[in-house]
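So that the names make sense, note that chain A is the first sequence line, chain B the second, and so on, each numbered from 1.
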There are 2 protein chains.
Amino acid sequence: MVKRVTLDDIAQSVGVSKTLVSLVLNGKGQQYGISKQTCDRVVAAAMELDYRPNQAARSLRTGKTGTIGLLVSDISNVFYAQLARIFEDLATAKGYNVFICSTDENVVKERRLATMLSSRQVDGLVVSTSERDAEWLMAVRDGGTPLVLIDRHLGPDALDAVVAANRGGGAMLARHLLEQGFTRPLVLGLSTSHISSVAERIEGFVEEFKRERIACTLRNIGFNTLQYDVGNLLANLQTLSVIPDCLFAVNNNLATAVLSTFRAKGIKNFKKMGLVCFDDLPYFSIIKPTITAVEQPVGEMCNLAFDLLQQQIDGSRVKASSNIFELPVKLNIRESTQKKSKNK
Amino acid sequence: MVKRVTLDDIAQSVGVSKTLVSLVLNGKGQQYGISKQTCDRVVAAAMELDYRPNQAARSLRTGKTGTIGLLVSDISNVFYAQLARIFEDLATAKGYNVFICSTDENVVKERRLATMLSSRQVDGLVVSTSERDAEWLMAVRDGGTPLVLIDRHLGPDALDAVVAANRGGGAMLARHLLEQGFTRPLVLGLSTSHISSVAERIEGFVEEFKRERIACTLRNIGFNTLQYDVGNLLANLQTLSVIPDCLFAVNNNLATAVLSTFRAKGIKNFKKMGLVCFDDLPYFSIIKPTITAVEQPVGEMCNLAFDLLQQQIDGSRVKASSNIFELPVKLNIRESTQKKSKNK
DNA sequence: CTGAAAGCGCTTACAG
DNA sequence: CTGAAAGCGCTTACAG
């Protein structure tokens, strides 16, 4: 193992104290009135020796690590991969590096990861939580780790949270289906139904149909048996008391499971079935028919979440009346909701 | 800001030295013959006070941080998102947390990120590099940061590298196209043509056609203007000296750009065009026609890369004759390569 | 303008 | 069985 270059090495090579070197390298040369010449020699030596400060030492001293933890349910899910990328760019631009962790919607995993990261002294945590209430995470925050929720909230008086207009988006999809003449919706929800985003998407959707005195059929799909459950459900539609004429997939994975089931069973039987999805994917505008979907404002969500975190970190965050920030979504109307025939 | 619990706090609360507390908490109680009773009291106090060791301090002392850096070109690219997820699971299981960073195939960014991470004293680096040669990265490794390449190598005598059988996969696709009667291939490559994976996929493909005395047309697509370039190219196929009857997309983004161009221009004109892709995506088996693709052994690649890194970390890595490890790929034959009609 | 010294919270010989 | 002490590499009052 090679010995790394330290402040002392530079100090010796230049013939000054390491105090001076530290000051200069941290850009405080001016402020402390260190002569331009000395500064230059120090900087030159640092370059020469390829000095890179030991972050662990610096962190120990300053209490800051320049790291952020991002907890999502699954980094390989397209939505979170996109979110992670945007967040990474924001963070890197400010000199942070980010730990990205997947929780699989599992509170135990989530807590273990949060604990690990807070033990690593991350300067902040952004989490798409699977918790049912805010208690545990509030303790983390109150223990000194700035924390903001993303994509899901835990109530208006708890933690700062940045979410999409889930209820509104659900309603948009419902209204659009109604306008197209669909009257027998089947909602594909998730077994993790306590998660605010999932719950609100469904509520918004169901309420809108209710106004027209139409009741939605709801089926919750297992998070880990998604493809299997969806396949089963779609194969047995005739057993439902109301045979649906359209489907609402509550997230992108569900829509993909639906489409791949359609594919496997021969798409013809489903020609007339409307389909909408909460989450937009690149391939939704490639496939035939193209899929009507709600697009989330991922960029804006990341921006705001990062802002809030920054504010918590530097202590400038002022309490607002509500700390849930809801950002508008966009409805992308495509072919999957064009009614082919007026079937009673 | 809340004061965090330290070893000293525990020591005082139990009435022993912090040496003892440290020993016990690190599971060396037995080894140092500390009485069971004392151990229990220490552990109880640690629980009670919710003690979490300050990693920065520990790292400073031990030189280990328990962190790994993963550099890929873009975490929002499905292939890397998947790779990152698998790698994360392996790392987390061993108590590591991983920094995931995107380089955008940009060497400058890549070097900046690698420098940041090595300054954070990561225990190791796994990188899907955009470098043209191994020099710079070898310096990093020789500077004390264990490092293994993934997905791309930099020559057989340089750095440990785990890659897919890119040349072999390219050849498989070519052979399959030939068997299906395609004779005028257009290869969609990338402007980053120095990258080993891209180069080898194309070489393997081209060589196979060459055996049949067929020359491939090759066009390199800009990494940042992908959709635009592909659109342009496909709109002007008639200007090529040989009008192609099949396309080879060298990675998944290219294939998606092709499909979305087909879609935009009305897929009918392209009905007879064969299409193959290096990289498989979930939607390839949903879309119509389904897409023939080569599937990479992501799981195995991650496993091996992690293993090699671990070996470098604990110093047990022995030099092999070559340090490029090539893992077999799988050809998934689907509808996009079924010739509809024998056109001359 | 510059340096000696303390201290961040750990781990680990060393001494008893 | 247990504790005092050194030291990892920084930053930052403090003193001159």
Of A/N54, A/L25, A/T19, A/L20, the residue whose pairing with A/L7 passes side chain to side chain contact (heavy atoms under 4.5 Å, CB included)
A/L25

Start and end of the DNA chain D segment that chain A contacts, any atom under 4.0 Å from a heavy atom:
D/dG9 to D/dA13

Got a minute to check which stems DNA chain D is part of, using Watson-Crick or G-U wobble pairs under 3.5 Å, three or more consecutive?
C:1-3 with D:14-16, C:5-12 with D:5-12, C:14-16 with D:1-3

Within the 3.5 Å criterion, strictly below it, is a donor on [X] or [Y] matched to an acceptor on the partner's side chain?
X      : Y      : answer
B/T129 : B/E110 : yes
B/S59  : B/Q121 : no
B/D8   : B/T6   : no
B/S118 : A/R52  : yes
A/N97  : B/R120 : yes

Go through residues 36-51 of chain A and report each residue with a non-hydrogen atom lying under 4.0 Å from DNA chain D, sorted by number.
A/Y51

Give me the ring orientation class for B/Y96 and B/F306: parallel if the planes are under 30° apart, tilted from 30 to 60°, perpendicular past 60°.
perpendicular

Sequence neighbours excluded, which residues qualify as ring-ring contact (aromatic ring centres under 6.0 Å, His included) partners of A/Y51?
none

side-chain hydrogen bond (donor to acceptor under 3.5 Å, both in side chains) with A/Q312: of A/T145, A/D307, A/D160, only one passes, and it is A/D160

So which heavy atom on [X] is nearest to which on [Y], and how close?
X      : Y      : result
B/P53  : A/S119 : O-OG, 3.0 Å
B/I313 : B/P146 : CG1-CG, 3.8 Å
B/I150 : B/M301 : CD1-O, 4.0 Å

For A/S102, the side-chain hydrogen bond (donor to acceptor under 3.5 Å, both in side chains) test, sequence neighbours excluded, returns B/E88

Just to be sure I understand the rule, does A/N26 reach a base, reach only the sugar-phosphate, or reach nothing, if contact means heavy atoms closer than 4.0 Å?
sugar-phosphate

Rounded distance in Å between the P positions of C/dC1 and D/dT12:
22 Å

Which residues, if any, of residues 14-24 of chain A bring a heavy atom under 4.0 Å of DNA chain C?
A/V16, A/S17, A/T19, A/L20

Could you check A/L60 against B/S35 and say which one's nearest nucleotide on DNA chain D is further toward the 5' end?
B/S35

